[in-house]
Amino acid sequence: MSKAQPPEEHTGIKLKEPKKEAGGLSAVVSSMKHVYGEVGVVEGTKVMLRVNQMDGFDCPGCAWPDPDQKRAVVEFCENGAKAVAEEATTERVDAKFFKKYSVEEMASWSDYELGKSGRITDPMILKPGATHYEPISWNDAFATIGNQLNQLSSPDEAIFYTSGRTSNEAAFLYQLFVRQFGTNNLPDCSNMCHESSGSALTETVGIGKGSVTLDDFYNTEVIMILGQNPGTNHPRMLTALQEAKRNGAKIITVNPLSEAGLNGFRHPQNPGDLIGEATQLTDIFLQVRVNGDVPLLKAIMKMLLDKENENPGTVFDQAFIKDKTAGFEDFLTDLQQYDVDELIAETSVDKKDIEEAVALLASKKKIIACWAMGLTQHKNAVDNIREVVNLLLLKGSIGKPGAGTCPVRGHSNVQGDRTVGIWEKLKPEFGQKLKEVFDFEPPTKTGYDVVEAIGAMKEGKAKFFFAMGGNFISATPDTELTAKALQQCDMTVHVSTKLNRSHLIHGKTALILPCLGRTERDVQNGKKQFVTVENSTGVVHQSNGNKTPASDTLLSEPKIVAELAKATLKNSKTNWDELVNDYDNIREVIEKTIPGFDDYNARVRKPGGFYLPNGARVGDFKTNTEKANFTINNLPDHKLQEGEYIMMTIRSHDQYNTTIYGLHDRYRGIYNERRVVLMNPDDMEVAGLKKLQEVNLTSNYDGVERVAKKFLVVPYNIPRKCLGTYFPEANVLIPYNKFAHTSQTPISKSVVVRVM
Ligand SMILES: Nc1nc2c(c(=O)[nH]1)N[C@H]1C(S)=C(S)[C@@H](COP(=O)(O)OP(=O)(O)OC[C@H]3O[C@@H](n4cnc5c(=O)[nH]c(N)nc54)[C@H](O)[C@@H]3O)O[C@H]1N2
Ligand SMILES: Nc1nc2c(c(=O)[nH]1)N[C@H]1C(S)=C(S)[C@@H](COP(=O)(O)OP(=O)(O)OC[C@H]3O[C@@H](n4cnc5c(=O)[nH]c(N)nc54)[C@H](O)[C@@H]3O)O[C@H]1N2
Ligand SMILES: [Mo]
């Protein structure tokens with residue numbers, strides 16, 4: 001049986017002092033090593049010069065926005081360079097490769113080795129009982145899949161997952177196909193990512209997206225960065241922070257770790273920055289314990305309230321609260337019952353640091369709050385974000401320039417995919433439009449999200465799994481259980497650029513459909529096409545790949561969907577060929593069915609694209625009360641027993657989610673090893689653990705014990721009783737059925753574990 005977890009072997013750890021700054025020459029050197037190593041010098045330079053240019057392709061690295069007007073010649077970062085190198089690699093996984101290596105053998109490789117194998121070149125099938133994938137023609141592949149789908153006793157037995165790199169055009173066609181097939185089973189990576197932000201923001205400010213633009217960063221007074229590590233995951237954000245600081249903004253960072261990128265920064269493409277002093281980004285660091293954000297935010301708000309009571313009208317924006325919000329009185333009544341010192345005891349932060357933050361926030365009017373997975377992946381994740389909104393509302397810091405919400409998205413088009421209809425819930429207005437334009441009856445029953453999809457496969461209610469990108473087995477919680485769920489399926493199908501573990505933990509029949517990547521030229525019907533994507537600030541713009549495709553056989557994602565629809569749907573009234581022959585036709589039907597895309601084809605051809613409408617940005621809150629809503633949130637309660645810790649699973653500097661670029665976590669000083677657990681030295685002493693001692697980690701939920709073996713203890717500056725591990729290695733410990741209320745996002749950042 002193939003192994004679902006990465007191998008439990010050590011790779012030769014080396015520890016150094018964690019870095020105090022990010023960027024600089026070492027970032028340039030690392031970028032070049034990855035690009036030239038994978039792609040070669042000439043091609044590598046060519047492809048990098050097209051990243052994020054007005055006429056180039058959108059960096060597949062993250063969803064940080066590009067400057068609206070002036071762009072630098074090099075508009076990418078170290079980790080964007082790695083993402084591009086990973087896709088543009090000259091290595092190939094072809095039919096010969098699959099003949100040589102059995103599925104079981106490949107499953108014994110590390111994720112790093114799997115990724116390094118190269119780009120998949122041909123459609124492949126693994127037949128029932130076979131040990132090796134073998135080639136299949138595109139036509140036969142589509143017929144085989146269509147056939148299987150039509151044998152299901154209900155369309156709801158099929159699951160259609162999406163990862164967040166898929167373009168607007170591919171995503172729209174995909175959901176159209178799935179809904180014409182008859183189900184809303186459209187789980188996506190967002191369910192594990194910013195779903196909690198969407199849930200909290202929709203309820204409180206009427207739109208599930210952030211409200212700020214990049215320009216807001218340049219004229220704000222305070223930027224709060226909570227639960228985010230931009231030095232690694234959104235390095236281009238550091239450039240915006242640097243400029244914000246030069247314009248006088250102050251930065252408050254809330255994180256259990258003192259991440260290098262949030263301390264010093266040297267812009268790697270600015271020669272002046274490479275020498276002399278690095279820019280100090282964080283002014284006030286609140287080293288909160290894992291999941292201590294709600295008590296911390298409550299303490300801050302309570303202390304602000306005391307100041308407001310001392311000098312009424314000087315701290316809160318009373319006019320904004322009166323005109324624009326609902327629920328303030330109830331919120332105040334609730335806040336008043338808390339004792340500041342008791343709250344602070346739940347955070348592990350020094351009171352004087354909090355006082356400093358409060359003094360700063362009290363005197364300023366323009367605040368931006370940025371956050372990412374440190375807030376969204378807890379049982380009370382939605383509460384975390386609602387408390388952030390409460391704070392912004394008290395200060396009137398939303399709906400005006402230089403202020404607002406900024407959930408920093410991960411995958412480069414995860415926001416766009418949701419905008420164009422990838423969601424297990426079908427909005428009635430959108431369903432109605434689909435019906436009018438495409439003449440079919442869309443399913444109304446809510447589909448499965450990620451955790452429900454795992455449950456349905458486990459219980460045999462779902463028998464077919466299809467993934468548009470991504471790496472489901474490695475990205476989801478509960479690795480061993482999820483593996484069984486997938487293996488019970490009759491068929492699993494992956495549209496992928498590169499080999500990953502999900503191809504190896506498969507249903508009875510498995511197919512791999514290789515597709516074009518972002519960087520590559522997409523020609524349909526003799527004509528070069530471009531696709532469109534939406535960044536974290538709601539800008540929709542073009543992405544134009546120009547590289548020669550990794551193989552002649554590859555199809556684009558929209559083409560794959562169109563062919564699949566033709567092979568599956570008997571009574572579709574949609575002209576799939578026409579849609580896919582010219583992507584302008586897809587954009588036209590997006591315009592007809594989704595608000596905000598007026599004149600899509602014309603506007604997206606303007607350099608830089610266009611902003612989608614955003615009520616919260618202009619103070620128009622489209623909520624149930626037609627105002628911004630204050631909310632009341634309880635404190636999280638983690639009653640840790642003796643010997644228990646709360647563990648967060650985080651990204652190293654050398655990974656893109658489940659794609660492992662390398663084995664180092666340079667900024668944290670951890671080299672050549674991923675099976676590590678970061679631990680406070682005092683906790684180590686109490687537990688009698690030595691530096692680099694090998695331990696097993698266990699979790700126990702509802703009487704089920706889960707084990708992650710062979711982790712090395714790394715002493716680290718992390719609050720007491722908190723641990724840090726990397727995902728996907730630690731995913732085996734996370735129960736799939738423990739998740740955030742409302743958003744159902746797995747608790748990847750607050751798993752209760754023991755160290756054995
Ligand atoms: N190079 C690179 N870029 C990426 C990705 C990648 O893997 N590699 N992934 C992309 C994707 S899909 C996403 S969603 C983003 C992810 O971007 P991030 O959210 O920055 O990624 P994580 O490593 O999960 O980091 C979470 C941060 O939250 C902190 N944290 C953990 N728990 C808590 C808590 O309880 N409270 C607070 N306040 N902080 C906490 C951690 O210490 C860490 O600094 O990045 C995107 N960009
Ligand atoms: N424990 C824990 N688990 C987590 C997280 C965490 O912080 N902790 N983070 C969660 C988050 S935020 C996210 S977003 C998910 C990510 O979950 P996914 O999106 O499912 O995972 P990725 O690793 O981003 O997917 C990588 C694969 O995508 C394919 N791919 C790359 N580019 C393309 C393309 O252009 N087209 C197609 N079709 N395929 C492509 C490649 O084959 C590659 O192997 O993981 C989640 N899982
Ligand atoms: Mo994500």
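Residue numbers start at 1 and run along the sequence shown. No hydrogens, no waters, no symmetry mates; every other heavy atom, side chains included, goes into these values. Numbering of ligands and ligand atoms starts at 1, following listing order.
Numbered from 1 in the order shown, with element, the atoms of ligand 1 that lie under 4.0 Å from a heavy atom of Thr232 read 1 (N), 2 (C), 3 (N). Atoms of ligand 1 found under 4.0 Å from any heavy atom of His411 (numbered from 1 in listed order, with element): 12 (S). The contact set between ligand 2 and Asn500, taken as ligand atoms under 4.0 Å from a residue heavy atom, comprises 27 (C), 42 (O), 43 (C), 44 (O). Taking a cut-off of under 4.0 Å to the non-hydrogen atoms of Asn291, the atoms of ligand 1 that pass are 34 (C), 35 (O). Heavy-atom proximity to Cys193, at under 4.0 Å, picks out these atoms of ligand 1: 14 (S).
The closest non-hydrogen atom to atom 9 (N) of ligand 1, taken over Leu257, Asn255, Asn657, Asn233, comes from Asn657. Comparing Cys189, Ser748, Gly374 against atom 34 (C) of ligand 1, the shortest heavy-atom distance belongs to Gly374. The option with the heavy atom closest to atom 15 (C) of ligand 1, from among His234, Glu259, Met192, Gln287, is His234. Counting only non-hydrogen atoms, the option in His503, Glu86, Arg651 that gets closest to atom 11 (C) of ligand 2 is Arg651. Closest heavy-atom approach to atom 38 (N) of ligand 2 within the set Glu557, Met647, Arg501, Glu729: this belongs to Glu557.
With hydrogens and angles ignored, the 3.5 Å screen pairs no side-chain donor or acceptor of Thr376 with any backbone N or O of Ser197. Without hydrogens or angle criteria, Arg119 side chain to Thr89 main chain gives no donor-acceptor distance under 3.5 Å.
Of the heavy atoms in Ala372, both backbone and side-chain atoms come closer than 4.0 Å to ligand 1. At a 4.0 Å heavy-atom cut-off, ligand 2 touches Gln377 through the side chain alone. Contacts with ligand 2 closer than 4.0 Å are made by heavy atoms of both the backbone and the side chain of Thr658. Only the side chain of Ile734 comes within contact range of ligand 2, with a heavy atom under 4.0 Å; no backbone atom does.
The closest protein non-hydrogen atom to atom 20 (O) of ligand 2 is Tyr161 OH, 2.6 Å. If you check which protein heavy atom lies closest to atom 13 (C) of ligand 1, you get Gly410 CA, 3.2 Å. From the protein, the heavy atom lying nearest to atom 31 (C) of ligand 1 is Met648 SD, 3.1 Å. Among all non-hydrogen protein atoms, the one lying nearest atom 42 (O) of ligand 2 is Lys498 O, 2.8 Å. Considering only non-hydrogen protein atoms, atom 1 (N) of ligand 2 sits nearest to Asn731 OD1, 2.7 Å. Atom 8 (N) of ligand 2 has as its closest protein heavy atom Thr649 OG1, 3.0 Å. Protein heavy atom in closest approach to atom 32 (N) of ligand 2: Arg165 NH1, 2.9 Å. Regarding atom 30 (N) of ligand 2, its nearest protein heavy-atom neighbour is Thr497 OG1, 3.2 Å. In this structure, the protein non-hydrogen atom closest to atom 3 (N) of ligand 2 is Phe727 CD1, 3.3 Å.
Residue Lys749 places a heavy atom less than 4.0 Å from ligand 2. Ligand 2 lies out of reach of His494, whose nearest heavy atom is not under 4.0 Å from it. Cys515 counts as a contact of ligand 2, since one of its heavy atoms falls under 4.0 Å from the ligand. Residue contact check for ligand 1: Arg409 places no non-hydrogen atom closer than 4.0 Å to it.
Of the polar atoms of Arg668, none of the N or O atoms is found under 3.5 Å from an N or O of ligand 1, judged by distance alone. For ligand 1, the polar-atom distance check finds an N/O of Asn79 within less than 3.5 Å of one of the ligand's N/O atoms. Distances between N or O atoms of Met373 and those of ligand 1 include at least one value under 3.5 Å. Residue-to-ligand polar distances place Asn229 within reach of ligand 1: an N/O pair is separated by less than 3.5 Å. In terms of polar-atom proximity, Val288 is not counted as a contact of ligand 1, lacking any N or O under 3.5 Å from an N or O of the ligand. The distance criterion of under 3.5 Å between nitrogen or oxygen atoms is not met by Met468 with respect to ligand 2. Here's the thing with Arg289: none of its N/O atoms is less than 3.5 angstrom from an N/O atom of ligand 1. Annotation: Asp293 places an N or O atom under 3.5 Å from an N or O atom of ligand 1; distance criterion only. Distances between N or O atoms of Gly470 and those of ligand 2 include at least one value under 3.5 Å.
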With salt bridge (charged side-chain N to carboxylate O under 4.0 Å, His left out) as the criterion, how do Glu78 and Lys82 come out once you've worked through the C-alpha distance, each side chain's angles and the decisive distance to 0.1 Å? CA-CA 6 Å; Glu78 176 192 348; Lys82 291 183 197 162; 3.3 Å; yes

Going through the distances and angles, do Tyr656 and His411 end up as a ring-ring contact (aromatic ring centres under 6.0 Å, His included)? CA-CA 9 Å; Tyr656 191 90; His411 264 303; 5.5 Å; yes

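Residues Arg409 and Cys62 have side chains not in contact (no heavy-atom distance under 4.5 Å, counting atoms from C-beta outward). Contact annotation: the side chain of Met224 approaches that of Leu391 to within less than 4.5 Å [non-hydrogen atoms, C-beta and beyond].
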